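Model, not experiment: these values are computed from the prediction. Sequence positions, counted from 1, serve as the residue numbers for this chain.
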Amino acid sequence: MENPSFVLQSIKSVVIEDRPKPELKDPYDVVVQVAQTGICGSDVHYWQRGRIGDYKLTGPMVLGHESSGVVVETGAQVSHLKVGDRVAMEPGVPCRRCEYCRKGSYHLCSDMRFAATPPWDGTLAKYYINAADFCYKVPDSLSLEEAAMVEPVSVACAIAKTADLRAHQTVLVLGCGPIGVLCQAVAKAYNAKTVIGIDIVQARLDIAQSYGADYTFIPPRAEPGQDPLEHAEKVAQELKQQFQLGDGPDVVLECSGSEACIQLGVLVAKPGATFVQAGMGKEGVVVPITAICTRGLTVKGSIRYLPGCYPGAIDLISKGQIDVKPLITNRYAFEEAEEAFELVKQGRQDVFKVMISGVEKLL
């Protein structure tokens, strides 16, 4: 097979098919032989539902976007990379010309070519073409598995940057999945005074405690018939008292997408605090909007990565400030990709980050 690719043909239908090896057309691009790819929730979402927000599956699409690999071919104008370089690939390439790109907000570019987002193919193939300036050489000390984990760490860096995280702040993180846990680790790397992780699964809180969380908390469930906002306010007061938060945390990072967590995050936040929504759940949720106004909260959304996040993530991992290796709980060969996706879909408590290896041994 020339270029085996893991293709989402239609909702709930995936297959490994052979495609032509991609040919360089842009002199500033490189061909990368993909070495490792982590499975993201968005990949599973497209597989099961065929859409995320405005992005809807319109035809067959290669899945995957959390990837590392080895450069096997370079465009004529590429000078900072050479064949054999090991790279982490930032999977979204903006147009570089629009208003948002020109002001440094390339993550908002409407012409972004983002891997495994319709209509663009993803990275779960033997070969993938990416813009050379969106491929980042990784130190020899990093394994290619760790290089694939640069993507979720970059997401956490972007969330921290969106929150304008600073030293000596108290940071509350709702949701202790991979992104939530990495947000806690980034917050600690940025010298946060106190980091608190919240989840309803004890196994995830156990991981959080080894990734920067000073404290963890399982919120009690609401009584049948209890008003959700009244319950959220009660839990918020309990949190403040138990962890001596005074008027609340300085920063709230919502990484679950859960309506109950969004409500709790708003109601627990300190007046004047920053609340960043990173988790994506239901399209519409009930938000205590009056509390946002009366408490003067700054509410921001975070999506993908900001400028400098990929190099920053590589630094955090390579310098030992964030150890991503323990987060990889399951490994699969490329031929077992569907089995790997099935595992992630199950949502088991003992499964954190699932990694799929490249098609063959690297050149």
Indicate yes or no for a side-chain donor-acceptor contact from Asn3 to the backbone of Lys126 under 3.5 Å, with no hydrogens or angles considered. yes
Given side chains that start at C-beta, do those of Pro249 and Val268 come closer than 4.5 Å, heavy atoms only? yes
Any pair counted as ring-ring contact (aromatic ring centres under 6.0 Å, His included), so long as it reaches residues 64-91, sequence neighbours left out: His65-Phe114
Side chains of Thr37 and Met355: does their closest heavy-atom pair fall under 4.5 Å? no
Quick one: which of Ile207, Val201, Ile200 gives a side chain to side chain contact (heavy atoms under 4.5 Å, CB included) with Arg204? Val201
Are side-chain N/O atoms of Ser143 and Glu146 paired as donor and acceptor at under 3.5 Å? yes
Do Val14 and Leu63 come close enough that some side-chain heavy atom pair is under 4.5 Å? yes
Heavy-atom count check: over 12 atoms from other residues, nucleotides or ligands less than 6.0 Å from Asp350 CG? yes
Using a strict cut-off of less than 4.0 Å between a Lys/Arg side-chain nitrogen and an Asp/Glu carboxylate oxygen, indicate whether Asp164 and Arg166 qualify as a salt bridge. yes
Can you tell me how far the NZ atom of Lys345 sits from the CD atom of Glu338, to the nearest 0.5 Å? 9.0 Å
By the definition salt bridge (Lys or Arg N to Asp or Glu O under 4.0 Å), identify the one residue from Arg86, Lys325, Arg331, Lys353 that meets it with Glu145. Arg331
Taking side chain as C-beta onward, heavy atoms only, is Ile322 less than 4.5 Å from Leu182? yes
Holding to ring pair (Phe, Tyr, Trp, His ring centres under 6.0 Å), I want the full list of residues that pass it with Tyr332, two or more places apart in sequence or in another chain. none
Working to the nearest 0.5 Å, report the span between OG of Ser154 and CD1 of Ile317. 7.5 Å
Answer yes or no: is there a donor N or O on one side and an acceptor on the other, between the side chain of Ser256 and the main chain of Ser258, under 3.5 Å? yes
Does anything in residues 164-214 form a ring-ring contact (aromatic ring centres under 6.0 Å, His included)? List the pairs, not counting sequence neighbours. none
Do Tyr136 and Leu81 share a hydrophobic cluster, counting only Ile, Leu, Val, Met, Phe, Trp and Tyr and linking them when any side-chain heavy atoms are less than 4.5 Å apart? no
Passes salt bridge (Lys or Arg N to Asp or Glu O under 4.0 Å), Lys270 versus Asp247? Steps please. CA-CA 5 Å; Lys270 183 179 185 176; Asp247 290 337; over 6 Å; no
Please check if the number of heavy atoms outside Arg102 that lie under 6.0 Å from its CZ is greater than 12. no
Does this structure show an ion pair linking Asp133 with Arg96, if we count only N-O contacts that are shorter than 4.0 Å? yes
Would you say the side chains of Gln237 and Gln241 form a donor-acceptor pair under 3.5 Å? no
Exam field: side chain Thr123 to backbone Gly64, donor-acceptor pair closer than 3.5 Å: yes
Residue pair Leu229, Gln263: steps toward the side chain to side chain contact (heavy atoms under 4.5 Å, CB included) verdict: CA-CA 7 Å; Leu229 294 181; Gln263 294 167 348; 3.6 Å; yes
Should we count CD of Glu223 as having more than 12 external heavy atoms under 6.0 Å? no
Note: Glu2-Arg19 ion pair, threshold 4.0 Å (strictly below): no
Under 3.5 Å, is there a donor on one side chain and an acceptor on the other for Ser79 and Gln77? no
Common cluster, Met112/Trp120, ILVMFWY with side-chain heavy-atom separation under 4.5 Å: no
So how far is it from Lys161 NZ to Cys309 SG, rounded to the nearest 0.5 Å? 5.5 Å
With no hydrogens and no angle check, is any side-chain donor or acceptor of Ser13 less than 3.5 Å from a backbone partner on Gln9? no
Is there a side-chain contact between Met149 and Leu327, using heavy atoms and a 4.5 Å cut-off? yes
Could you give all pairs that pass the ring-ring contact (aromatic ring centres under 6.0 Å, His included) test and reach residues 6-38, with sequence neighbours left out? Phe6-Phe341
Mark yes or no for whether Glu336, through its side chain, and Ala333, through its backbone, hold a donor-acceptor pair below 3.5 Å. yes
Going by ring-ring contact (aromatic ring centres under 6.0 Å, His included), name the pairs with one or both residues in residues 88-107, residues two or more places apart or in two chains. Tyr106-Phe134
Is Phe334 close to Pro4 at the side-chain level, that is, under 4.5 Å between some pair of heavy atoms? yes
Check whether more than 12 heavy atoms from other residues, nucleotides or ligands sit under 6.0 Å from atom NZ of Lys300, and answer yes or no. yes
Is there a donor-acceptor pair closer than 3.5 Å between any side-chain N or O of Arg97 and the backbone N or O of Cys95? yes
More than 12 heavy atoms of other groups within 6.0 Å of Tyr215 OH: no
For Glu90 and Tyr305, does a side-chain donor sit closer than 3.5 Å to a side-chain acceptor? no
Test item: Arg295 side-chain N/O and Leu267 main-chain N/O as donor-acceptor pair under 3.5 Å: yes
Would you indicate whether Lys25, at its atom NZ, is surrounded by more than 12 heavy atoms from other residues, nucleotides or ligands within a distance under 6.0 Å? no
Once side chain to side chain contact (heavy atoms under 4.5 Å, CB included) is applied, do any residues pair with Val344, and if so which ones, sequence neighbours excluded? Ile39, Val44, Val354
Do you reckon Val155 sits in the same ILVMFWY cluster as Val251, going by side-chain contacts under 4.5 Å, direct or chained? yes
Pair Val324, Val153 - check side chain to side chain contact (heavy atoms under 4.5 Å, CB included), show working. CA-CA 9 Å; Val324 295; Val153 176; 3.7 Å; yes
Should Leu124 and Ile11 be regarded as members of a common hydrophobic cluster, given that ILVMFWY residues are connected when their side-chain heavy atoms come within less than 4.5 Å of each other, either directly or indirectly? no
Are Leu24 and Glu73 close enough that some pair of their side-chain heavy atoms sits under 4.5 Å apart? yes
Is Asp250 reaching over with its side chain to a backbone N or O of Thr170, donor-acceptor style, under 3.5 angstrom? yes
Intermediate values then yes/no, side chain to side chain contact (heavy atoms under 4.5 Å, CB included), Val87 and Val138: CA-CA 5 Å; Val87 295; Val138 297; 5.9 Å; no
With rounding to the nearest 0.5 Å, note down the distance linking CG in Leu239 to CD in Gln244. 13.0 Å
Taking the basic N atoms (NZ, or NE/NH1/NH2) and the acidic carboxylate oxygens, is any pair closer than 4.0 Å for Asp214 and Lys188? yes
Distance (rounded to the nearest 0.5 Å) between Phe352 CZ and Cys176 SG: 7.5 Å
Identify whether the distance between the nearest side-chain nitrogen and carboxylate oxygen of Lys137 and Asp85 falls below 4.0 Å. yes
Test side chain to side chain contact (heavy atoms under 4.5 Å, CB included) applied to Ile196 and Leu245, step by step: CA-CA 10 Å; Ile196 301 169; Leu245 298 179; 3.7 Å; yes
Spacing of Ile179 atom CD1 and Ser302 atom OG [to the nearest 0.5 Å]: 9.5 Å
With a 4.5 Å limit on heavy-atom distance, are the side chains of Leu205 and Ile218 in contact? yes
